[in-house]
Amino acid sequence: MPITRDRLMNASGWTVSDLKEKTVLECGSGAGRFTEVLCETGAKVTSVDISSAVHANAASNGRFPNLRIVQASIYELPFPEESFDFLFCCGVIQHTPDVEKTFKTLFRYLRPGGRFCIDVYAAIIAYTHPRQLLRPIAKRVPPAKLYALVERTVPRLLPLSMKLSAVPRVGQCLTRLVPVANHSHLGQMDAETARNWSVLDTFDWLSPRYERPQPRRRLERWTRELGLREVSIERHRGLYVISGVK
C-alpha cells in the first residue's frame, strides 16, 4: 500500500528528483517505515534511532547500498555539523525529554540551504484524546506486558470504533471515544492489516515515557530563533508538520 510513501511526499513536498543523489538524515527511524521510501528515491540515506529498532531496520532495508544505519541519541549524533542536504524526522520529537532541545539540535546537522520536514503532536488536540487518561498507568507497565494487553483488547474494541467512524459527519470525532487506533481515514484495507496496524499504533499511544504535544505559536517561535526560511506549519489531523529551508 502507498500510505507511507504518500505521507512522506505529501508532508514534505519533496519529489524523487529533489532527493536523488542527495544526503538525507532521518532521525528516529524506528523499524524503517520511511527509510525504505527515502532509499527508493536514490538518496544517500543516514538513518538513526536510539533503540534496538535499528536491527529491524537493517533486516528490512539492509539491501539498499545507499543506506547507512546508526544507533545513537539525537543529542549525540556522530556526524559533522552542516553535512546533510535534507532532514526528515517523523513521529519522534514529542517522545523526547526536551522537545525544544531536540528540535534545535537537529538543525546543527543540516547544511545552509538544506530542506527539512519534521512533525510533532499538536496541542491542544492531542491532550483531549482519551489515551491521556490511560497513559499515566500504561507507560509504567512493562512493555511486553502492555503489548500483550493491547493485543487482547484491540480486537474487541476496534469493531466498535469502526462502526462509530462510519457515522456521517461526526464519525471521526466519535472514534476518539474508543481508545484504540482506527485507520479508516486511510481507505480500505483488509481486516487483518487493520487489526495489526491498530495494535501497533495503540501500543505506540500508550507506551512512550514522554509525550509532549506542542502549540503552533511555540513552533513558530523556534523557527524564528533558528532563522529558518520558507517555513510552513500545517496541521495534518493530530500533527503539526513543519517544513522549509535552513
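When a residue number appears, it is its place in the shown sequence, counting from 1.
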Is a salt bridge present between Lys104 and Glu225, judged by a nitrogen-to-oxygen distance below 4.0 Å? yes
Could you see if Leu174 belongs to whatever hydrophobic cluster contains Ile125? Use Ile, Leu, Val, Met, Phe, Trp, Tyr and a side-chain cutoff under 4.5 Å. no
Indicate yes or no: does Glu211 engage Arg135 in a salt bridge with an N to O separation below 4.0 Å. yes
Considering non-hydrogen atoms only, spot the tightest contact between Cys90 and Arg7 and give its length. SG-NH2, 3.2 Å
Do you know which of Leu8, Asn10, Thr15 makes side-chain contact (heavy atoms from CB on, under 4.5 Å) with Ser12? Leu8
Does Ala126 offer a backbone N or O that forms a donor-acceptor pair with the side chain of Gln132 under 3.5 Å? yes
Shortest non-hydrogen contact between Thr175 and Ser161, atoms and distance: CG2-O, 3.4 Å
How about Lys163: does its NZ atom have over 12 heavy atoms from other parts shown lying under 6.0 Å from it? no
One pair to check against side chain to side chain contact (heavy atoms under 4.5 Å, CB included): Val37 and Arg5. What are the steps and the verdict? CA-CA 6 Å; Val37 177; Arg5 180 183 179 83; 4.0 Å; yes
Nearest-0.5 Å distance, NE2 of residue His95 to OG of residue Ser207: 8.0 Å
Check whether Leu157 and Val141 end up in the same hydrophobic cluster, where Ile, Leu, Val, Met, Phe, Trp and Tyr are linked by side-chain heavy atoms less than 4.5 Å apart. yes
Met1 and Leu200: same hydrophobic cluster, using ILVMFWY side-chain contacts below 4.5 Å? no
Just wondering, more than 12 heavy atoms not from Glu76 lying within 6.0 Å of its CD? no
Assess the residue pair His183 and Met189 against the criterion (side chain to side chain contact (heavy atoms under 4.5 Å, CB included)); give the C-alpha distance rounded to whole Å, side-chain angles, the decisive distance to 0.1 Å, and a yes or no. CA-CA 9 Å; His183 299 92; Met189 62 178 71; 4.2 Å; yes
Aromatic plane relationship, Phe103 with Trp222 - under 30° parallel, 30 to 60° tilted, over 60° perpendicular: tilted
Hydrophobic cluster identity match, Leu158 and Leu160, side-chain contacts under 4.5 Å: yes
Leu106/Ile93 under side chain to side chain contact (heavy atoms under 4.5 Å, CB included): CA gap, chis, key distance, verdict: CA-CA 10 Å; Leu106 292 172; Ile93 68 173; 4.3 Å; yes
For atom CZ of Arg216, is the number of surrounding heavy atoms from other residues, nucleotides or ligands below 6.0 Å larger than 12? yes
In this structure, would Ile50 and Leu77 fall into the same cluster of hydrophobic residues linked by side-chain contacts under 4.5 Å? no
Whether over 12 other heavy atoms sit under 6.0 Å from Ile137 CD1: no
Is Arg111 salt-bridged to Asp85, going by a charged N under 4.0 Å from an acidic O? yes
Please give me the minimum heavy-atom distance between Glu26 and Ser47, naming the atom from each residue. OE1-OG, 2.9 Å
Strictly distance-based, threshold 3.5 Å: is any side-chain N or O of Glu81 a donor or acceptor partner for the main-chain N or O of Phe79? no
Here the pair of heavy atoms bringing Ala138 nearest to Leu146 is O-CD2, 3.6 Å
Using the side-chain contact (heavy atoms from CB on, under 4.5 Å) criterion, which residues pair with Asn61? Sequence neighbours excluded. Thr35, Glu36, Asn57, Arg63, Phe64, Leu67
Are the aromatic ring centres of Phe86 and Phe116 under 6.0 angstrom apart? no
Determine, for Tyr75 and Lys101, whether the Lys NZ or Arg CZ falls below 6.0 Å from the six-membered ring centre while staying within 45 degrees of the axis. yes
What do the steps show when you test Cys117 against Asp119 for side chain to side chain contact (heavy atoms under 4.5 Å, CB included), and what is the final call? CA-CA 7 Å; Cys117 179; Asp119 71 13; over 6 Å; no
Are Asp190 and Thr193 linked by a side-chain donor-acceptor pair shorter than 3.5 Å? yes
Using the side-chain contact (heavy atoms from CB on, under 4.5 Å) definition, which of the options Val48, Thr102, Ile118 pairs with Cys89? Ile118
Of the non-hydrogen atoms in Arg115 and Leu110, which two are nearest, and what is the gap between them? O-CD1, 3.7 Å
Can you confirm if the NZ or CZ of Arg131 lies within 45° of the ring axis of Tyr121 and under 6.0 Å from the centre of its six-membered ring? yes
Specify the closest pair of heavy atoms between Trp14 and Leu87, including all atoms of both residues, with the distance to one decimal. CH2-O, 3.4 Å
Taking the six-membered ring for Trp and the full ring for Phe, Tyr or His, determine whether the centres of Tyr147 and Phe203 are under 6.0 Å apart. yes
Are Val24 and Lys44 close enough that some pair of their side-chain heavy atoms sits under 4.5 Å apart? no
